[in-house]
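Remarks on the structure that follows.
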Protein chains: 2
Amino acid sequence: MSDKVLSSSLEDYLECVYNRINQNGAVKAIEISKELNVSRASVTEALNKLAQKNYINYGRYEMISITDLGIEKAKEIINKHNVLQFFFENILGIEKNEAAKTACGIEHIITENILNKLSEFNDYCVKKTDFINLFKQGK
Amino acid sequence: MSDKVLSSSLEDYLECVYNRINQNGAVKAIEISKELNVSRASVTEALNKLAQKNYINYGRYEMISITDLGIEKAKEIINKHNVLQFFFENILGIEKNEAAKTACGIEHIITENILNKLSEFNDYCVKKTDFINLFKQGK
DNA sequence: TAAATTTGTTATGCAAGGCTAACATTTCGG
DNA sequence: CCGAAATGTTAGCCTTGCATAACAAATTTA
């Protein structure tokens with residue numbers, strides 16, 4: 001059995017696979033290729049690696065499906081993404097696209113521990129509406 | 001003239017060079033090697049790249065010095081690092097080492113724009129002491 | 001100061017992640 | 001059902017960043 005650790009790059013591929021399957025019931029390699037701005041060849045390579053690590057089920061010319069392990073991992077990544085994006089967008093007031101793009105980079109780096117704290121902090125800020133409103137007004 | 005863009009890895013080398021020169025007036029390759037946990041050979045390679053991009057002055061067996069461009073760039077990176085670490089450590093209440101390590105990863109990703117906003121946010125939180133104290137008490 | 005140690009460089013190789021081009025397979029439109 | 005178009009795969013190559021091993025230079029020390 002091969003190593004279970006995922007690089008940032010493979011996490012991106014897995015996240016994409018998960019989101020597409022969730023939204024459309026299936027994914028095609030070419031969609032991933034377009035979403036991540038990589039060649040079709042690179043997608044094939046990445047999917048083979050994910051399959052080898054048991055995050056997805058995949059074989060030559062076969063449909064792509066996601067394993068339980070893959071779902072679990074994808075959810076973790078997406079949760080990180082959402083917490084980060086929420087903080088940038090709704091606390092700091094960053095424009096959506098920039099918030100999303102940056103969240104995408106950081107989601108592969110941040111620890112579970114910091115993520116949890118940030119998540120609590122987001123919740124806390126939401127409760128204390130005044131605080132954030134005043135910040136946004138530069139007061 | 002070669003490309004001026006620095007990879008995360010080269011940013012780490014530059015940051016290390018800058019800090020050491022600031023603290024001790026000079027750097028030796030072997031110190032960088034120890035601080036960044038890489039081989040001496042990798043340091044030589046990285047220093048050559050930084051010199052080629054005009055961030056440092058460097059030649060075979062020569063002293064390492066940093067250019068104005070290098071200083072400017074290093075300050076940017078270190079500022080990012082500090083703002084991030086402050087947020088993790090003093091706002092979220094993360095332990096120093098973890099805060100530093102994560103800041104180190106994110107400093108290469110975050111945009112100037114988000115950095116500025118986060119910096120303002122740090123300042124704002126410092127002013128509103130009560131807010132952060134209550135968060136830390138889980139209220 | 002000469003030998004030993006430390007530090008720096010070079011040569012070479014490896015893994016990851018990307019690319020293009022050519023080929024294989026599948027899907028779609030007549 | 002067949003040919004064209006779309007999609008997927010493979011082969012070969014490139015770049016970055018790292019390593020080790022052997023060699024070169026500098027520094028230390030006996």
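Just so it is clear: chains get the letters A, B, ... in the order the sequence lines come, proteins before strands, and each one is counted from 1.
Closest approach of A/L6 to A/K53, counting heavy atoms only: CD2-CD, 3.7 Å. Here the shortest heavy-atom pairing between B/T67 and B/N54 reads OG1-O, 2.8 Å.
Criterion: ILVMFWY side-chain heavy atoms under 4.5 Å apart, direct or through other members. Under it, B/I109 and B/I78 are not part of a common hydrophobic cluster. In this structure, A/V83 is a member of the same hydrophobic cluster as A/I91, with clusters built from ILVMFWY side-chain heavy atoms closer than 4.5 Å. Criterion: ILVMFWY side-chain heavy atoms under 4.5 Å apart, direct or through other members. Under it, B/I30 and B/V43 are not part of a common hydrophobic cluster.
For B/F87 and A/F87, the distance between ring centers is under 6.0 angstrom.
Whole-Å rounding puts the A/L14 CG to C/dG17 P distance at 14 Å. Atom CD of B/E11 and atom C1' of D/dT16 are 15 Å apart (whole Å). Summarising the geometry, the separation between CD1 on B/I32 and P on C/dT6 is reported as 20 Å, rounded to the nearest angstrom. Going from atom CD1 of A/I64 over to atom C1' of D/dT7 covers 11 Å, rounded to whole Å. Taking atom CG of B/L10 as the reference point, atom P of D/dT15 lies 16 Å away to the nearest angstrom. Atom P of nucleotide D/dG17 and atom CD of B/Q52 are separated by 12 Å, given to the nearest angstrom.
Note on B/S7: every side-chain N or O is 4.0 Å or more away from OP1 and OP2 of D/dT16. Listed pair A/S33 / D/dT7 fails the phosphate criterion, with no side-chain N or O lying under 4.0 Å from OP1 or OP2. Remark: B/S42 is in phosphate contact with D/dA19, judged by side-chain N or O atoms under 4.0 Å from OP1 or OP2. One finds a side-chain N or O of A/S9 lying less than 4.0 angstrom from the OP1 or OP2 phosphate oxygen of C/dG18. OP1 or OP2 of D/dC18 lies within a sub-4.0 Å distance of a side-chain N or O belonging to B/Y13. When the side-chain nitrogen and oxygen atoms of B/K49 are compared with OP1 and OP2 of D/dG17, one or more of them lie within a distance under 4.0 Å.
A/D12 comes within 4.0 angstrom of no nucleic acid atom, judged by non-hydrogen atoms across all strands.
Of the charged side-chain nitrogens involved, at least one lies within less than 4.0 Å of a carboxylate oxygen, so that A/E45 and A/K49 count as a salt-bridged pair.
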Review item, nucleotides 7-12 of chain C N/O atoms under 3.5 Å of protein N/O:
| unit_1 | atom_1 | unit_2 | atom_2 | d |
| --- | --- | --- | --- | --- |
| C/dG8 | OP1 | B/A29 | N | 3.2 |
| C/dG8 | OP2 | B/I30 | N | 2.6 |
| C/dG8 | N7 | B/R40 | NE | 2.9 |
| C/dG8 | N7 | B/R40 | NH2 | 3.2 |
| C/dG8 | O6 | B/R40 | NH2 | 3.1 |
| C/dT9 | OP1 | B/Y58 | OH | 2.7 |
| C/dT9 | OP1 | B/Y61 | N | 3.0 |
| C/dT9 | OP2 | B/T44 | OG1 | 2.9 |
| C/dT9 | OP2 | B/Y58 | OH | 2.5 |
| C/dT9 | O3' | B/R60 | NE | 3.4 |
| C/dT10 | OP1 | B/R60 | NE | 3.0 |

